[in-house]
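One structure below.
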Amino acid sequence: MRLHRSGWVVATALIAVGALTLAGCKGGGSDEPSKPGSPVELKIAFWGDFGLDELKAKYEAANPNVKIVLNSGEYNAQHEDLQKKLIAGSGAPDIAAIDEGFIVSFRSQADKFVNLLDQGASKYQDKYLGWKWKQSLSADGKTQIGLGTDVGGLAMCYRTDLFKAAGLPTARDEVSKLWATWDDFIKTGQDYTAKSKKKFVDNGTNLFNPILGQQPVGFYDESETLKMDGGPKAAFDLTVKAIGAGLSANLPAFSPEWNAGFVKGDFAVLACPAWMQGHIKNTAPDTAGKWDVAAIPGGGGNWGGSFLTVPKQGKHTAEAYKLLEWLIQPEQQIEIFKKVGNLPSQPALYKDPAILDFKNPFFSDAPVGQIFSKTAEGLTPQYLGKKNGPTRVAVENVINSVQAGTTKPADAWAQALKEADKASKA
């Protein structure tokens with residue numbers, strides 16, 4: 001889930017995560033459960049909306065000795081703080097959420113997390129999408145540091161009222177036909193901006209990321225070699241083309257201006273991972289019924305998706321795993337999907353009528369259970385390297401400079417290559 005839910009921006013303080021040496025920083029945690037009935041406080045650190053508020057009360061009612069403390073923070077800061085606590089050897093939450101963009105870096109520090117295989121988590125392996133299980137598994141296959149919460153299968157969320165005012169189709173099937181390819185999407189955007197005198201999309205970087213996510217290889221291959229001339233160049237070129245066509249409102253993701261843009265209708269469409277549904281609803285509740293969900297150009301792709309982990313240094317690691325295990329059960333995962341839109345990582349649930357038949361009233365009763373389940377089942381996600389986050393930030397900064405007019409489009413790719421290379425070597 002990425003507010004990243006992917007957050008979409010990675011803290012520069014984590015650039016050197018892969019190079020950190022953490023030897024000698026053992027935590028003071030214990031795998032022994034507390035005495036039955038003794039008070040236990042469990043802290044969960046996350047970002048965005050994991051749908052935990054109601055589940056907290058439900059779990060505490062069933063386990064009266066347990067108090068759950070929810071620590072929701074900014075996406076970058078939560079990952080940065082976890083890294084600092086792992087280095088310090090103390091202070092980490094009992095359960096830490098980690099986004100897919102960071103999981104490779106943290107799984108390389110597997111000795112700092114409770115090995116969930118030792119807790120019996122292997123029984124869940126066949127319940128997960130194969131690639132999702134592998135993402136949080138150590139390179140030697142001996143340590144599983146986390147269990148997946150959601151995946152970020154892609155679609156496009158759009159404002160039906162704004163489309164109608166610009167003379168464009170509003171029915172989701174008809175809208176999907178407008179943009180089989182990203183070039184078609186750009187043409188549709190030019191048509192919209194010409195008729196409405198408004199911008200079409202929220203930000204160029206929020207085109208770059210989903211387009212990149214559809215490519216066979218992203219910034220890095222599995223040997224951790226930077227691969228800019230493949231998927232990144234294809235995504236970069238299309239993004240610069242869209243910016244040049246005047247489609248972007250240039251609103252930084254998760255900024256106050258971006259959130260206000262949802263309310264004011266400053267843009268008509270945006271790439272929409274499943275988890276984005278909750279953010280739109282929470283940010284612009286008065287736009288209920290004005291949104292719908294169509295297919296994404298190019299078909300499929302993944303953007304975001306998270307894991308819950310148990311740092312070893314916690315005082316109540318056994319109770320933390322018990323809570324984590326409860327959170328990933330079908331009943332809770334279905335409740336989270338209905339509340340905030342986060343699509344589970346367990347494909348059997350895609351056949352459950354509770355998800356398959358679910359229609360989201362906020363999005364004009366779009367059959368979001370079917371839409372996002374279909375995209376998730378067809379995913380072949382990229383490998384996200386240890387330096388994926390910092391590299392993405394470096395390239396996004398160049399895209400933002402193009403939008404701001406400080407970098408000429410003709411010079412942008414050379415600058416992106418230079419900045420990505422720097423990030424890869426930091």
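Side chains are part of it too, since the values below use all heavy atoms of this structure and drop only hydrogens, waters and symmetry mates.
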Test: disulfide bond (SG atoms under 2.5 Å apart). Region: residues 214-285. Which pairs qualify, not counting sequence neighbours?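 Applying disulfide bond (SG atoms under 2.5 Å apart) to every pair that reaches into residues 214-285, excluding sequence neighbours, yields Cys157-Cys272.
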
Aromatic ring proximity Phe372/Phe358, centre distance under 6.0 Å: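 When the ring centroids of Phe372 and Phe358 are compared, they turn out to be at least 6.0 Å apart.
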
Backbone N/O of Gly101 and side chain of Arg392: donor-acceptor pair under 3.5 Å: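 No, because the side chain of Arg392 does not come within donor-acceptor range (under 3.5 Å) of the backbone of Gly101.
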
Would you say Gln125's side chain and Ala121's backbone share a donor-acceptor pair under 3.5 angstrom?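 Side chain of Gln125 to backbone of Ala121: no pair is present.
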
Show every ring pair (Phe, Tyr, Trp, His ring centres under 6.0 Å) that has at least one partner inside residues 123-147, sequence neighbours left out.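 Not a single pair qualifies under ring pair (Phe, Tyr, Trp, His ring centres under 6.0 Å).
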
Do you see a donor-acceptor pair shorter than 3.5 Å between the side chains of [X] and [Y]?
| X | Y | value |
| --- | --- | --- |
| Asp81 | Gln78 | no |
| Asn302 | Glu100 | yes |
| Ser401 | Thr407 | yes |

[X]/[Y] ion pair, N-O < 4.0 Å:
| X | Y | answer |
| --- | --- | --- |
| Asp183 | Lys187 | no |
| Lys422 | Glu419 | yes |
| Glu174 | Lys177 | yes |

Please check if atom NZ in Lys339 has more than 12 non-hydrogen atoms from other residues, nucleotides or ligands closer than 6.0 Å.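 Count over threshold, so yes.
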
Lys56: which residues meet the salt bridge (Lys or Arg N to Asp or Glu O under 4.0 Å) condition with it, sequence neighbours left out?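 In terms of salt bridge (Lys or Arg N to Asp or Glu O under 4.0 Å), with neighbours along the sequence ignored, Lys56 is linked to Glu60.
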
Which residues satisfy the salt bridge (Lys or Arg N to Asp or Glu O under 4.0 Å) test with Asp191, sequence neighbours excluded?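 Partners of Asp191 under the salt bridge (Lys or Arg N to Asp or Glu O under 4.0 Å) test: Lys195.
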
Using side chain to side chain contact (heavy atoms under 4.5 Å, CB included) as the criterion, list what pairs up with Leu356, not counting sequence neighbours.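 Side chain to side chain contact (heavy atoms under 4.5 Å, CB included) list for Leu356, sorted by chain: Gln370.
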
Any idea how Trp291 and Phe262 line up, ring-wise: parallel (<30°), tilted (30 to 60°), or perpendicular (>60°)?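 Trp291 and Phe262: tilted rings.
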
Within the structure provided, determine whether Asp99 and Trp47 are in side-chain contact (heavy-atom separation under 4.5 Å).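 Sidechains of Trp47 and Asp99: in contact.
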
To the nearest 0.5 Å, tell me how far Ile211 CD1 sits from Trp182 CH2.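 Those atoms lie 4.5 Å apart.
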
Provide the full list of side-chain hydrogen bond (donor to acceptor under 3.5 Å, both in side chains) pairs with a residue in residues 265-274, sequence neighbours left out, each pair given once.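 Residue pairs with at least one partner in residues 265-274: there are none.
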
